[in-house]
Amino acid sequence: MNFFWYSFFCCLFVTLNVNTADIRLNQKVKPKFYWIHIKPDFDTATFQGNALIELDVEEYTNKVTLHAKNLTVQDVTLYQPNGVKTVCVPKLDEDKQLLNISFSDYVYANRVCNLSITYKGIIQDDMTGFYRSHYFVNNGEKRWLGVTQFESTSARKAFPCFDEPRFRTGFNITLTVPKTYNVISNTKLNFQQAYPAEANWTQYNFASYPNMPTYLIGWIVYDPETFTFQEASKDGIDYKVWAQKKYSSQTKFALDVAPVLLNSLSKYTGLPYKIDGKLEKMDQIAVPDFDAGAMENWVLVTYRESGLLYDEKLTSTESKRSIMMVIAHEFTHQWFGNLNTLEWWSYVWLNEAFARFFQYYIPAKEYPEWKLDEQFVVNALQAALDYDSKPSHPMTSGITHHKNISDMFDMISYSKGASIVRMMEHTLTPETFQKGLHNYLSVKSKGSNQVSNPDDLFMLISSVLSEEDKKKFNFRDVFKTWTENSGFPLITVKRDYKNKSALVQQERFLYKKKKNDTTTWYVPLTYTLQAESNFNDVSIKHWLTPEKTSMTILDLGGDGWVIFNVQHKGFYRVNYDEENWMRIIKQLKTDHTKIGAINRAQLIDDAFSLARAGKLNHSIAFELTTYLKKETEYVPWVAAIRQFNEIMIHFRESSNHDKLSKYFLHLVSPIVSQVTFHESNTESVMTKLTRIAALSFASKVGHKESESNAFKIAADLASTMKTQFSADVQKALLCEGIRSANSSVWRSLFSKLGNLESPTQINDFIRALTCTNDPGSITEYINKTIAEDSVIRMQDDLTVFSGLAASPIGSKTVIAFLSNNYEQLIKYNFGKDEILADMVKYASGHVYNKDDLEVIKNFYKNMTAVLTESTIKSMNSSINRIEENFEWRSNNWDDIVNWLKAEEMITESPTQATTTATPPANTTSKPSSATSITSNSATLFTIIAVLFTIAHGNHL
């Protein structure tokens, strides 16, 4: 290629990538070391700072660019190697969050200089950067807690810095605080001394930080009289759990599980956590105001109070599980993220996918009674499949603006990523996968190798594979199709029963199919036949590839069912021909235990998702659920209840809602009778979790004893805060109790929030209070939430808004409030309009008629001129969602109602009169678009099938 064309294509490449390059800093000038000094004043919410940055200058230049936001730069000086001070001119670009500094003299290449920046900053109140949290002591006095939350791009709010993950370097940090405060940071205290420049102030210096990116730096400024810790020591590591003094007794559980989980991760990775002289401790801090669930600052992990503190009497089993898993998640980051860091935010999954995977894997290994390996499928994998069934981004995605970085911290990077990591483990075998991760972490945790991209992961895992394995598949090629493609495949199995074979093919699965989508993957196929029913054999029997998208599998037998994707190891859905579905249904009715619990959950989730996409008639999905009267395992019920709740949303304002509820009540009543409303001392944690799920759902579908106990719980707590029921039963039923209670009960319960004794109980109350159906209480709750010094903290506002919008009355009330008070909401959210998009998003799932849609459209139309681009995009998505819901009801309504009628006639009264299905107001009904069978023939087919099972003694 001649020089002209070479230059042309180089220029074209740069032009096409200018947006990405524009937000990345120049690597030719980079930090070698930081000395940071911060002096905060909580009363004025400001701080004075100085950053001295040792720079490695690799090119001849007269400028440097780094990050800064909300900082007032007061003085900048560059010290050249010869000691000469160079005059500097700083210029802030607030939109790009950059500090551009020009030098009066050039700096020669390959020099080391020192850049000194004196500045003033704001102690934030929005839970980002260096911010202040608060709590109240017994006399009602407010106390401050200084906290940091720097991930992903908020270190720049605390000090000017090279705020990208690839810039790992050392730090020396000093905080000067009033003498009534103490400070902790990532490393142990180096020295503490009186501040020589001002009386009644104390300096705390922390040194010997390991090389780390800016987003992992952290410090806590606290009042030692009212914010304390409990501690333990094991294997040379000091463990401390910090919290408000009144919660000190609730730190024990976290303190007990921390050494177990950290040690288990050390053993798995083969790399010690402890680094002598640097990492010899593990501090965990319960922060009253914390936007994220937790943050993995190296050896200084911060949490929401409800995510760390456990009370034996007041904390539910679900919350206990969550606490254990969140701790495991953050501890995993000490290796995946801290010891080795992603090169750029396009690869967030390199951190979060592994943390999400190991938050299940490690506790499952150490506490097998929780069966977290099974729970992964319904709580992580199936949730990710649902999310990824709509247009989304790939796990590895380009970023064109710093505002897009936060978008990467979503279900794709976390739960889809974890599901792909789980598929990697399955493909390689657990032993080989562990060996590969050890190699990856060992190589990428040393010196300048401490940043990674996906190719590093693929290469270093591949390097431990045997030659035989390498001949079977190319690990990098296989998993690039999963990390660089959005979506996932639907595997369709069409059996030829006469020839005992099956045609298996792949296509992208979407709830709403896109034209000309030709995305394909490398798909590992596993299956088991009815004759063997071996759900422990997860060996890969065949592969579909991007080139070979279909294949015929021989020797499948013709007498029984076949089930693909054993233990749901693959991140894909499976559809079958109708005959195979009916054989599976017959097996479930005859003896459901012949199919593994994970695959029972898979069948339920796949069937309803396929029906939603028009790939399967709802009559088959519903027929599959009839066996649930005999189901006692947790994971199939979780999968079923999630799908049932989704269906019930569409029926809320229909005359057939009671018919649907009656069927669901028929299914759930036996499991409620089994778990009861009272605990025994000998029951398993899985029974406790099943109780919560079953009772909560039963209370929504008309279970009389559940409704009665729900009302009693709400009334008792409102009057005396005492009830005979456990924390688990309260969590399951309080929502329904509040839904059926009057406004005086709601106000009484709200008034109790400030006096509750456990953060997890506070969290449960906040959620349950959103269940009210009283418009006045809904409006009052929103007003109380956004009021200054509200008992509802900003961290919980989205919980309130999403919960309130989750009903027909709630969605109408939330939209009306939004239309009339949007300026107040934006002010509450520090001038950011994302809160408007969030409220519309939450309400959009519960809009049932065209009139309510028009209200949203008119609001959106009137506000478009003042909304940001991202909020406009979000609101458009919400409006599209509402219109898709209308379409869903139009396409699927008759199929479901007809099946319910047929089931009702067969199980109760064949002569009972029926009525025509009634869609919600202002929607229309038309024949189903499902491709499997038409509505009328499906109903007839279902009736015949059910009568057939009755004749053979298999009907439930």
Test item: [X] and [Y] side chains (from C-beta on) under 4.5 Å apart, heavy atoms:
{"X": "Met295", "Y": "Phe290", "answer": "yes"}
{"X": "Ile856", "Y": "Val847", "answer": "yes"}
{"X": "Leu624", "Y": "Leu603", "answer": "yes"}
{"X": "Val493", "Y": "Tyr527", "answer": "no"}
{"X": "Thr396", "Y": "Tyr347", "answer": "yes"}
{"X": "His568", "Y": "Leu385", "answer": "yes"}

Using the side chain to side chain donor-acceptor pair (under 3.5 Å) criterion, which residues pair with Thr427? Sequence neighbours excluded.
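Partners of Thr427 under the side chain to side chain donor-acceptor pair (under 3.5 Å) test: none.
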Residues at least two apart in sequence or cross-chain that pass side chain to side chain donor-acceptor pair (under 3.5 Å) with Gln334, listed by chain then number, are Asn338
For residues 866-885, the salt bridge (Lys or Arg N to Asp or Glu O under 4.0 Å) pairs (sequence neighbours left out) are Lys857-Glu883
Here the salt bridge (Lys or Arg N to Asp or Glu O under 4.0 Å) pairs for residues 389-407, sequence neighbours left out, are Asp386-Lys390
Within the side chain of [X], is there an N or O that forms a donor-acceptor pair under 3.5 Å with the backbone of [Y]?
{"X": "Ser802", "Y": "Leu798", "result": "yes"}
{"X": "His426", "Y": "Val538", "result": "yes"}
{"X": "Glu330", "Y": "Glu296", "result": "yes"}
{"X": "Asn599", "Y": "Gln567", "result": "yes"}
{"X": "Glu164", "Y": "Leu25", "result": "yes"}
{"X": "Lys444", "Y": "Thr341", "result": "no"}
{"X": "Asp410", "Y": "Tyr414", "result": "no"}
{"X": "Ser415", "Y": "Met411", "result": "no"}

In Phe644, Phe886, Trp888, the residue satisfying ring pair (Phe, Tyr, Trp, His ring centres under 6.0 Å) with His650 is Trp888
Does a side chain donor of either [X] or [Y] reach within less than 3.5 Å of an acceptor in the other side chain?
{"X": "Asn485", "Y": "Thr519", "result": "no"}
{"X": "Asn885", "Y": "Tyr848", "result": "no"}
{"X": "Asn453", "Y": "Trp344", "result": "no"}

Residues passing the side-chain contact (heavy atoms from CB on, under 4.5 Å) test with Asn474, sequence neighbours excluded, are Arg476, Asp477
Quiz item: Do Lys480 and Asp455 sit within salt-bridge range, that is, some charged N less than 4.0 Å from a carboxylate O?
Solution: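 Yes, this pair counts.
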Electrostatic pair Lys832:Glu834 at N-O distance under 4.0 angstrom: no
Is it the case that atom NZ in Lys548 sees more than 12 heavy atoms from other parts of the structure closer than 6.0 Å?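 Not more than 12 within 6.0 Å, no.
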* Asked: Is the centre of the Trp349 ring less than 6.0 Å from the centre of the His393 ring?
  ->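 They do not qualify: ring centres at least 6.0 Å apart.
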ring-ring contact (aromatic ring centres under 6.0 Å, His included) with Phe331: which residues, sequence neighbours excluded?
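Phe331: no ring-ring contact (aromatic ring centres under 6.0 Å, His included) contacts found.
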